[in-house]
There are 2 protein chains.
Amino acid sequence: MDASDGTSAEPARVQARNTKRAPRRTQSASMADVARVAGVSSQTVSRVSNGFPGVNEETRRQVLAAMKELGYRPNSAARALKRGEFRTIGVITFGLSTTGNVRTLEAIATSAAQEGYSVTLLPVAVPTQDEVRGAFSRLGELAVDAVIVILEVHLLDASTLSMPPHVQVVVADSDAGDRYTVVDTDQAGGTRTAVQHLLDLGHRTVWHLAGPEGSYAAQRRTDAWRAELLAADRTAPPLVRGDWSAESGYRAGLRIAALPDCTAVFVANDQMALGLLRALHERGRRVPEDVSVIGFDDIPEAGSFLPPLTTVHQDFAEVGRLCVEGVLRQMRQDATEHGTTLVPTRLVVRQSTAPPRSR
Amino acid sequence: MDASDGTSAEPARVQARNTKRAPRRTQSASMADVARVAGVSSQTVSRVSNGFPGVNEETRRQVLAAMKELGYRPNSAARALKRGEFRTIGVITFGLSTTGNVRTLEAIATSAAQEGYSVTLLPVAVPTQDEVRGAFSRLGELAVDAVIVILEVHLLDASTLSMPPHVQVVVADSDAGDRYTVVDTDQAGGTRTAVQHLLDLGHRTVWHLAGPEGSYAAQRRTDAWRAELLAADRTAPPLVRGDWSAESGYRAGLRIAALPDCTAVFVANDQMALGLLRALHERGRRVPEDVSVIGFDDIPEAGSFLPPLTTVHQDFAEVGRLCVEGVLRQMRQDATEHGTTLVPTRLVVRQSTAPPRSR
DNA sequence: GATATGGATGTTTGCGTAAACATCGGGGCG
DNA sequence: CGCCCCGATGTTTACGCAAACATCCATATC
């Protein structure tokens, strides 16, 4: 009604802007602003911004100059809305307390960045069904195109988990291979090499300090340990359990130290091995002379334990990389063929294992 | 111009939809879809979705039912576009290799979640100026309202870093207090209690195994160590440097073990202390009888070292929490009053420190 | 010289949401 | 009885971007 005075439509629009939006216009420049400064249409700005062809070199330069002058940054919300994708991967994980989770997460972030994706963290406070379900449902309104779940616990009951449609999932460290794409360390293989290493050294049998119940990784290492002993025709000693922490390893170690016929222990992770070493030391049982100890993970500190720990090296970086790769592949070819990818391990022999004392 | 045949505007619109968008319509339901099913306008759906008042209870129930039926999830991109905020905090960090960074990150994620914010990870591959600058510039087109920087290195040269306007910054572990809001552990205070503890035990002086050059935290611990010795009128022995890793602690430890008059070492972090313990053990120097060792961080494993490590406990959770709090406060009251908040430490005395042998 | 060709650029439109404004019926009050 | 007000709901519009389509002009071709 009052725009009639304008000679062209443009000034009127500017007018309207200034009238109302001035206070909020302090934000950042939009494509339209850049277009105005560069003297082109916003579409041309868009083309330059996305590196599309069909823009004259001279024009492109002008647009770039205008962008720089205004400090233009594409608005990712608008972009996401238009394109229908966020270029973001969500990672659901329970705590960042375990080395493995963190290292995997790190690799995921790095790989994702290389592919132009960013990573949004979805921490689950307590690993209960409800919490996990909560994380998944929050997910729905989150700006993510895909999700990677790093949850080793037995809580992925798919029946109760509602995944937002069209959000691809890859699971690290689980056994949901029939429903999701799973990437995991070759737990069984790693365990085999560990147990075999000890048997090869001449130990009659191998004890096992296991991880907590309810953990897939712990479960699988325990199963493989038992199977391997069985295959070698040895008797599996009773299971000793910890909760992954060094402290729990120490407590378990005090019990193990009291067993005179225990000469070799396969520990489900390096932290517990650290605690075990301490307990054995305190009780005067020498490692590796009296007892051989082998860990799992190969955390950076393992080489500095007393004595340096023989352990099974996990390639977390590769696991993370494969998770990202899997998720992206699924997104691109909407193919929902699940399956499990196993990442091989490597035995790192240091000084905590040796042949048993001949008696 | 051709919508005139419709009795009302609605059918025409539905028509248009079906014509074109059918293939892609597999996505998820929009507010309009919910509105149609519930027999209300999309605005009413919006009101329900945002928990606004002024909606009849009966209507609300119908809308909620429709939402459930269609599995409706608000589109966060559209929401962000409209509202002008993403409800997301970006975290720039160099690697997740150090315990401190990880624990801080975890606390940030948790605190942020409580405030309804999510956290996007921005890993910096190599801590070079260029890399950091790159991360910051990528940031511009990222969907974040604020940024928390966890970068202990001397790379925050503000002059070369262009922060997108209206993105608030909080820095953990730095000295940029004049330009940014900084939250950090009280490095100096922690160092003081550590050095004081050793002096109180009767040690003549305290050696220092420092972190890498270029690290703010290392720098400050070193400075405080020297200052504290000076204040107590002791001579500061030559500095020994590591790079935070256990391995570097071991190498430095071999040199320290060769110093007969060294009775007490303040190590800049627990990992290096682990390596030092190993070196001392190998060289037959007993801890704490011959040499007292004190660490910094109090990583979960510190209590399981041989011997259990006396160390300075850092409250990473609090640091993370304060970072989020600071960032949110800045966002809300656009106040740009900077300053540094120090989180106190706590000395945890275990078994790696003792009075020097009287000779 | 008329017509096709194609590169460079502009215009229109809609993504899903929510603010701003419009409408509509009924109850209170002069 | 008529007016106003208010609660409940609907309609319009713009957020910033980019796909689809439209336009324009210069050069090549017959």
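A note on names: the letters A, B, ... follow the listed sequences, proteins ahead of strands, and every chain is numbered from 1.
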- Taking atom OG1 of T110(A) and atom CG of L105(A), what is their separation to the nearest 0.5 Å?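 Nearest 0.5 Å value for the OG1-CG distance: 9.0 Å.
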- Gap between atom OG1 of T181(A) and atom CG of L322(A) - 0.5 Å precision: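 OG1 of T181(A) is found 11.5 Å from CG of L322(A).
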- Should V45(B) and M67(B) count as side-chain neighbours, where that means a heavy-atom distance under 4.5 Å?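 Yes, side chains in contact.
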- Message: Side chains of E85(A) and Y117(A), heavy atoms from C-beta outward: is any pair under 4.5 Å?
- Response: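 SC-SC contact between E85(A) and Y117(A) confirmed.
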- Go through the steps for S49(A) and R79(A) under the test side-chain hydrogen bond (donor to acceptor under 3.5 Å, both in side chains), then give the verdict. CA-CA 11 Å; S49(A) 172; R79(A) 211 168 238 191; 3.0 Å; yes
Integer-rounded Å distance: [N] [atom2] and [X] [atom1]:
X: M67(B); N: dG16(C); atom1: CE; atom2: P; result: 15 Å
X: R79(B); N: dA19(C); atom1: CZ; atom2: P; result: 10 Å
X: R87(B); N: dT17(C); atom1: CZ; atom2: C1'; result: 16 Å
X: D33(A); N: dC15(D); atom1: CG; atom2: C1'; result: 13 Å
X: E85(B); N: dT17(C); atom1: CD; atom2: P; result: 16 Å
X: N75(A); N: dA14(D); atom1: CG; atom2: P; result: 18 Å
X: R36(A); N: dT11(C); atom1: CZ; atom2: P; result: 13 Å
X: K82(A); N: dA19(D); atom1: NZ; atom2: P; result: 6 Å

Looking only at the side chain of [X] (C-beta and beyond, no hydrogens), which of the listed nucleotides [options] gets closest?
X: Q43(B); options: dA18(D), dG16(D), dT11(D); result: dT11(D)
X: L81(A); options: dG10(D), dT17(C), dG16(C); result: dG16(C)
X: P74(B); options: dG16(D), dG10(D), dT17(C); result: dT17(C)

- Message: Looking at E58(B), is its backbone amide N or carbonyl O close enough to the side chain of N56(B) to form a donor-acceptor pair, meaning the two atoms are under 3.5 Å apart?
- Response: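 Indeed, once roles are kept as given, a pair shorter than 3.5 Å links the two residues.
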- Item | Under 3.5 Å: donor-acceptor pair, side chain of S46(A), backbone of S42(A) |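 Judged by distance alone, no pair lies under 3.5 Å.
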- Can you name the closest pair of heavy atoms from V324(A) and I148(A) and give their distance?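 Heavy-atom minimum between the residues: N-CD1, 4.1 Å.
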- Message: Can you give me the closest heavy-atom contact between V102(B) and L96(A), atom names plus distance?
- Response: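 Minimum heavy-atom contact is CG1-O, 3.6 Å.
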- With sequence neighbours left out, write down each residue that passes side-chain contact (heavy atoms from CB on, under 4.5 Å) with R60(B), or none if nothing qualifies.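 Partners of R60(B) by the side-chain contact (heavy atoms from CB on, under 4.5 Å) criterion, ordered by chain and then number, come out as V48(B), V55(B), E57(B), L64(B).
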- Ignoring backbone atoms, test whether S30(A) places a side-chain nitrogen or oxygen under 4.0 Å from the OP1 or OP2 oxygen of dG16(D).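 Answer is no, no contact under 4.0 Å.
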- Query: Think R83(A) has a side-chain N or O under 4.0 angstrom from the OP1 or OP2 of dC17(D)?
  - Reply: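 No.
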- Item | Summary of salt bridge (charged side-chain N to carboxylate O under 4.0 Å, His left out) pairs that have at least one residue in residues 107-123 of chain B, sequence neighbours excluded |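 Applying salt bridge (charged side-chain N to carboxylate O under 4.0 Å, His left out) to every pair that reaches into residues 107-123 of chain B, excluding sequence neighbours, yields E115(B)-R332(B).
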- With E325(A) via side-chain hydrogen bond (donor to acceptor under 3.5 Å, both in side chains) - residues at least two apart: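 By the side-chain hydrogen bond (donor to acceptor under 3.5 Å, both in side chains) rule, E325(A) matches R321(A).
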Return the polar atom pairs (N/O with N/O) between nucleotides 22-28 of chain C and the protein under 3.5 Å, or none.
none

- Query: End-to-end bend of the helix from dG1(C)-dC30(D) to dG30(C)-dC1(D) (five-pair axes, 10° rounding)?
  - Reply: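 Answer rounded to 10°: the end axes differ by 60°.
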Atom pairs, N/O to N/O, protein against nucleotides 5-9 of chain C, distance under 3.5 Å?
unit_1 : atom_1 : unit_2 : atom_2 : d
dT9(C) : OP1    : T59(A) : OG1    : 2.4
dT9(C) : OP2    : N56(A) : N      : 2.7
dT9(C) : OP2    : T59(A) : OG1    : 3.3

